[in-house]
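Step one of this worksheet: look at the structure below.
Just follow the structure's listing: the first ligand is 1, and inside any ligand the first atom is 1.
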Amino acid sequence: MAGDNCIFCKIVAGEIPAAKIYEDGRAVAFRDINPQAPTHALVIPRKHVASLSEAGEADEALLGHLLRVAARVARDAGHAEGGYRTVINNGPDAGQTVFHVHVHVLGGRALTWPPG
Ligand code: DGP
């Protein structure tokens with residue numbers, strides 16, 4: 001259930017500004033406020049789903065759609081050839097700070113592995 005205090009629900013609703021780069025009926029993509037790479041976008045569902053762990057069977061197509069939008073965002077940013085990374089942080093140990101599921105799209109520099 002969407003919380004009144006969910007900042008990403010507010011971005012979806014247009015109640016707080018974001019640098020949107022893509023949107024459709026199910027997803028919105030916008031620039032991360034604290035970019036960790038030259039390209040750092042977030043792809044989120046319009047529907048409030050708190051985390052990957054909270055996603056249910058009914059969300060399977062939605063999760064697939066988020067990944068396809070992530071690939072589109074990366075391609076539009078010019079990273080189809082050179083590569084990019086998608087990340088879904090889940091829970092406190094992974095560093096999830098916003099509990100509305102989101103796919104990070106990072107590109108434009110060499111990304112190290114393993115991540116921190
Ligand atoms: P995570 O740590 O995986 O939950 O990532 C949350 C990301 O959301 C983090 O990189 C910063 C970004 N973020 C938080 N608040 C805002 C906001 O109000 N606007 C935008 N554009 N990004 C935000």
Exercise for review: Report yes if some N/O of H104 lies less than 3.5 Å from some N/O of ligand 1; otherwise report no.
Suggested key: yes
Check your understanding: Side chain of E15, backbone of K10: donor and acceptor closer than 3.5 Å?
Key -> no
**Study point:** Contacting atoms of ligand 1, where contact means under 4.0 angstrom from a heavy atom of F30
**Key:** 20 (C), 21 (N)
Point to revise | N or O pair under 3.5 Å between A18 and ligand 1 | key: no
Practice item. Check whether any heavy atom of H102 sits under 4.0 Å from an atom of ligand 1. Key: yes
Revision key, fill the gap. Exactly one of V69, I44, V43, L42 clears side-chain contact (heavy atoms from CB on, under 4.5 Å) with V28, and that residue is I44
Exercise for review: Any atoms of ligand 1 less than 4.0 Å from a non-hydrogen atom of I7? List them with their elements.
Suggested key: 18 (O)
Exercise for review: Check each heavy atom of T97 against ligand 1 and say whether those closer than 4.0 Å belong to the side chain, the backbone, both or neither.
Suggested key: both
Check your understanding: At a 4.0 Å threshold, what atoms of ligand 1 neighbour a non-hydrogen atom of G95?
Key -> 1 (P), 2 (O)
Check your understanding: What is the distance from atom CG of N90 to atom CG of L52, rounded to the nearest 0.5 Å?
Key -> 5.5 Å
Point to revise | 4.0 Å heavy-atom contact, F8 with ligand 1 | key: yes
Point to revise | K47 with D59: basic N within carboxylate O range, under 4.0 Å | key: yes
Check your understanding: Quick one: does N34 get a heavy atom under 4.0 Å from ligand 1?
Key -> no
